[in-house]
Amino acid sequence: MTRTALVTGANRGIGREVCRQLVASGLDVVVTGRDADRVSVAAEELGARGEVLDVADPGSVDDLVDRLGGVTIDALVNNAVSYDSSTVLGVDDATLDAAFATNLVGPWRLMRAFLPGMVERGYGRVVNVSSGWGSFGEGLGGPATYSVTKAGLNALTVKASREVSGDVTVNAMCPAWVDSAGSGSGGRHVSEGADTIVWLLTHPPGGPNGGFFRDRTPIEW
Ligand SMILES: NC(=O)c1ccc[n+]([C@@H]2O[C@H](COP(=O)([O-])OP(=O)(O)OC[C@H]3O[C@@H](n4cnc5c(N)ncnc54)[C@H](OP(=O)(O)O)[C@@H]3O)[C@@H](O)[C@H]2O)c1
């Protein structure tokens, strides 16, 4: 049985590499992104289905669900990110809203859209792409909105993992510093950053649920 995975913010960077690895592993993949042209270029190059999805827009999530119709989504990767250089006291409203809508509320809506079906069918994998900068244990580094929304995404991961059953898992991970348009150069290759995501997406029954990983190893919340 061919599984289908949907990845957000997948027109470039780590999300796109996750799609590439999943297609290579034989999964059907839905590449999503907020710009129609960028999505269709990526989807064509990857041999995947492309769909427009702005995770910060509730209507866009609803429209995607409608367009997918009977397509069963077995795996979801919440990868899209809004990144800025904010401080708690200096952040403006637009930056604050974009960060929460993209990094926290969007993943929540997508889980609400796709997790119930996974639970009903008894199989599903959700990976929330987080960051060590969202970890209390690692010191909550990074810009304010990024750090707080990723800490929230970690909390959301734990809460969602407690509402699933059967062979359904919800995990968070940190890819470490990866070269991408958003992070600049000097980090690791996207393939290394994507590895733990793909591992969590494709693990057999009995794998981790409600965990936080880097390089396939649990890390502190
Ligand atoms: N790279 C690192 O060093 C690093 C380290 C730790 C964690 N991470 C995490 O890894 C994930 C991927 O990072 P990356 O470096 O690959 O990022 P990236 O290259 O900056 O790509 C971000 C992606 O998110 C998309 N996006 C932004 N807002 C969106 C929205 N509202 N709806 C849908 N898509 C949206 C972007 O689309 P557009 O092209 O339209 O802008 C782009 O495709 C993120 O969750 C990030 O926090 C990365």
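Every number for a ligand or one of its atoms is a count from 1 in the order of the listing. Reckoned from all heavy atoms, side chains included, excluding hydrogens, waters and symmetry mates. Nothing here was measured: the structure is a model prediction, and the numbers come from that model.
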Exercise. Report yes or no: do D179 and S185 form a side-chain donor-acceptor pair below 3.5 Å?
Key: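 Judged by distance alone, the side chains do not pair up.
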Tell me, which protein residue and heavy-atom name are nearest [atom], and how many Å apart are they?
atom                    : result
atom 15 (O) of ligand 1 : S180 OG, 2.5 Å
atom 36 (C) of ligand 1 : R12 NH2, 3.9 Å
atom 34 (N) of ligand 1 : A80 CB, 3.5 Å
atom 25 (C) of ligand 1 : G9 CA, 3.7 Å
atom 2 (C) of ligand 1  : V178 N, 3.5 Å
atom 11 (C) of ligand 1 : N79 OD1, 3.2 Å
atom 17 (O) of ligand 1 : V81 CG1, 3.9 Å

Quiz item: Can you tell me if CH2 on W108 sees more than 12 non-hydrogen neighbours from other groups inside 6.0 Å?
Solution: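 Counting neighbours around CH2 of W108, 12 or fewer heavy atoms of other residues, nucleotides or ligands fall under 6.0 Å, so no.
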Quiz item: When the ring planes of W133 and Y146 are compared, do they come out parallel, tilted or perpendicular, using 30° and 60° as the limits?
Solution: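 Because their plane-to-plane angle is over 60°, the rings of W133 and Y146 count as perpendicular.
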Once you restrict to heavy atoms under 4.0 Å, what part of [X] touches ligand 1? Side chain, backbone, both or neither.
X    : value
W133 : neither
R16  : neither
T102 : side chain

Quiz item: Between atom CG of L6 and atom CG of L76, what is the distance when rounded to the nearest 0.5 Å?
Solution: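 Between L6 CG and L76 CG, I get 6.0 Å after rounding to 0.5 Å.
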Practice problem: Indicate yes or no: does D28 engage R3 in a salt bridge with an N to O separation below 4.0 Å. | Solution: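 A salt bridge is absent here (no side-chain N lies under 4.0 Å from a carboxylate O).
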